[in-house]
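Quick notes on the structure that follows.
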Amino acid sequence: FDQKTGYQPGGKFPLATVHMLEADQAAFRDIIQEIMPAYYDSKTFQEGLEWRPWIGCNVAWSMVQAGDEDMGFDLARQTIEYMLNNFPGGDEGFSSALCYMVQDQPEQALLQIENVVETGKVSGWWREFKHPAYQMLQYDKRFGSAQAAIQSMIATQRENLLQLEQENE
């Protein structure tokens with residue numbers, strides 16, 4: 001068990017992620033509420049954000065989908081603020097883009113996605129973009145351009161690795 005991240009091999013968190021990506025909000029909520037109940041009480045949101053800030057937007061999404069709109073919008077707002085205050089320079093990656101989707105601000109989400117792609121720090125992009133919130137962006141030209149840019153980065157990385165491999169043979 002990792003005290004800092006809360007990761008536990010074989011733990012429930014990976015299963016919660018699968019439920020989120022499959023749009024099973026009830027199963028996602030059950031697991032997250034069990035392992036980090038702080039996310040489900042507006043008085044303790046900060047505790048949840050300090051545990052895993054990038055989960056805040058996922059929890060906010062599940063709240064809104066389950067009809068807890070006020071609490072979900074509040075958690076999304078607090079998560080964005082937490083990320084801006086604790087990850088200067090946009091190092092929060094794609095996480096805050098999801099919060100903007102929760103708040104029905106797709107333009108701001110697209111801007112965040114474009115900014116992340118510009119930095120080249122796109123780790124976990126495939127998981128993030130499979131989130132149900134991004135379905136409404138699937139046909140957006142800017143979203144498609146961001147995905148194409150990521151694919152191009154990956155292709156370049158593969159070519160560079162292949163070249164290094166061949167040089168070392």
Side-chain angles (χ1 to χ4, degrees), residues 4-6 13-14 16-25 28-29 32 36 38-40 42 44-160:
K4 183 178 179 188
T5 64
F13 184 74
T17 302
V18 169
H19 289 304
M20 174 57 69
L21 297 177
E22 292 178 344
D24 187 348
Q25 305 307 323
F28 171 82
R29 182 178 184 138
I32 297 298
M36 183 45 73
Y39 274 123
Y40 294 92
S42 59
T44 58
F45 282 166
Q46 283 302 121
E47 182 184 335
L49 293 173
E50 289 169 10
W51 175 64
R52 280 199 174 122
W54 57 91
I55 300 304
C57 299
N58 285 291
V59 173
W61 172 264
S62 75
M63 287 175 174
V64 170
Q65 298 304 305
D68 296 333
E69 290 183 1
D70 290 341
M71 196 152 81
F73 292 148
D74 189 34
L75 178 56
R77 182 189 54 74
Q78 287 190 41
T79 302
I80 291 169
E81 286 177 15
Y82 183 91
M83 299 254 192
L84 289 173
N85 292 329
N86 291 284
F87 298 98
D91 281 346
E92 74 273 14
F94 295 111
S95 297
S96 62
L98 177 57
C99 275
Y100 290 120
M101 294 300 289
V102 170
Q103 294 180 324
D104 196 25
Q105 297 178 15
E107 285 300 313
Q108 191 63 37
L110 286 166
L111 181 61
Q112 178 64 25
I113 290 167
E114 290 167 338
N115 289 339
V116 171
V117 171
E118 191 173 303
T119 69
K121 298 178 182 178
V122 296
S123 177
W125 69 274
W126 51 271
R127 180 191 63 246
E128 295 290 338
F129 289 174
K130 289 198 179 295
H131 191 285
Y134 293 112
Q135 290 304 308
M136 68 178 74
L137 296 179
Q138 288 301 313
Y139 301 105
D140 186 283
K141 186 189 287 189
R142 291 168 59 196
F143 189 71
S145 293
Q147 289 181 320
I150 293 169
Q151 292 291 347
S152 177
M153 281 186 240
I154 292 169
T156 299
Q157 289 173 353
R158 284 186 182 133
E159 289 171 14
N160 291 341

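All values below were derived from every heavy atom in this structure, side-chain atoms included, with hydrogens, water molecules and symmetry-related copies excluded.
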Under the side chain to side chain contact (heavy atoms under 4.5 Å, CB included) rule, what do M153 and V122 come out as? Steps first, then yes or no, please. CA-CA 9 Å; M153 281 186 240; V122 296; 4.2 Å; yes
How far apart are the closest heavy atoms of K130 and W126, and which atoms are they? CG-O, 3.1 Å
Distance-minimising heavy-atom pair for S42 and M71: N-SD, 4.2 Å
Polar side-chain atom of S152 near backbone of A148 as donor-acceptor pair, under 3.5 Å: no
Of all the heavy-atom pairs spanning F94 and E128, show the shortest one and how long it is. CB-CG, 3.8 Å
Would you check, one step at a time, whether the test side chain to side chain contact (heavy atoms under 4.5 Å, CB included) holds for M101 with L137? CA-CA 10 Å; M101 294 300 289; L137 296 179; 3.8 Å; yes
Ion pair R142/E107, N-O distance below 4.0 Å: yes
Atom OH in Y82, atom CD in Q46: separation rounded to 0.5 Å? 7.0 Å
Minimum-distance pair of heavy atoms, taken over all atoms of W54 and M83: CA-CE, 3.6 Å
Is the F143 to F129 ring centre distance short of 6.0 Å? yes
Taking everything shown except N86 itself, do over 12 heavy atoms lie less than 6.0 Å from its CG? yes
To the nearest 0.5 Å, what is the distance between OH (Y134) and CD (Q147)? 11.0 Å
Determine, stepwise, if the pair I32 / M20 fulfils side chain to side chain contact (heavy atoms under 4.5 Å, CB included). CA-CA 10 Å; I32 297 298; M20 174 57 69; over 6 Å; no
Check: Y39 side chain, V59 main-chain N or O, donor-acceptor pair, under 3.5 Å: no
So CG of L75 and OH of Y40: to nearest 0.5 Å the spacing works out to 8.5 Å
Drop me the distance from L98's CG to N58's CG, to the nearest 0.5 angstrom. 5.0 Å
Could you measure the distance from the CD atom of Q108 to the OH atom of Y100? Nearest 0.5 Å is fine. 4.5 Å
Go through the side-chain N and O atoms of N85 and E81 and say whether any donor and acceptor fall under 3.5 Å apart. no
Report the distance from atom OG of S145 to atom CG of D140, rounding to the nearest 0.5 Å. 8.5 Å
Does D24 come within less than 4.0 Å of R29, counting only side-chain N to carboxylate O? no
T79 and C57: which non-hydrogen atoms are nearest, and at how many Å? CG2-SG, 3.6 Å
Determine whether R77 and Q103 satisfy the following criterion, side chain to side chain contact (heavy atoms under 4.5 Å, CB included), listing intermediate values before the conclusion. CA-CA 8 Å; R77 182 189 54 74; Q103 294 180 324; 3.6 Å; yes
Between V116 and K121 the two heavy atoms that sit nearest each other are CG1-O, 3.3 Å
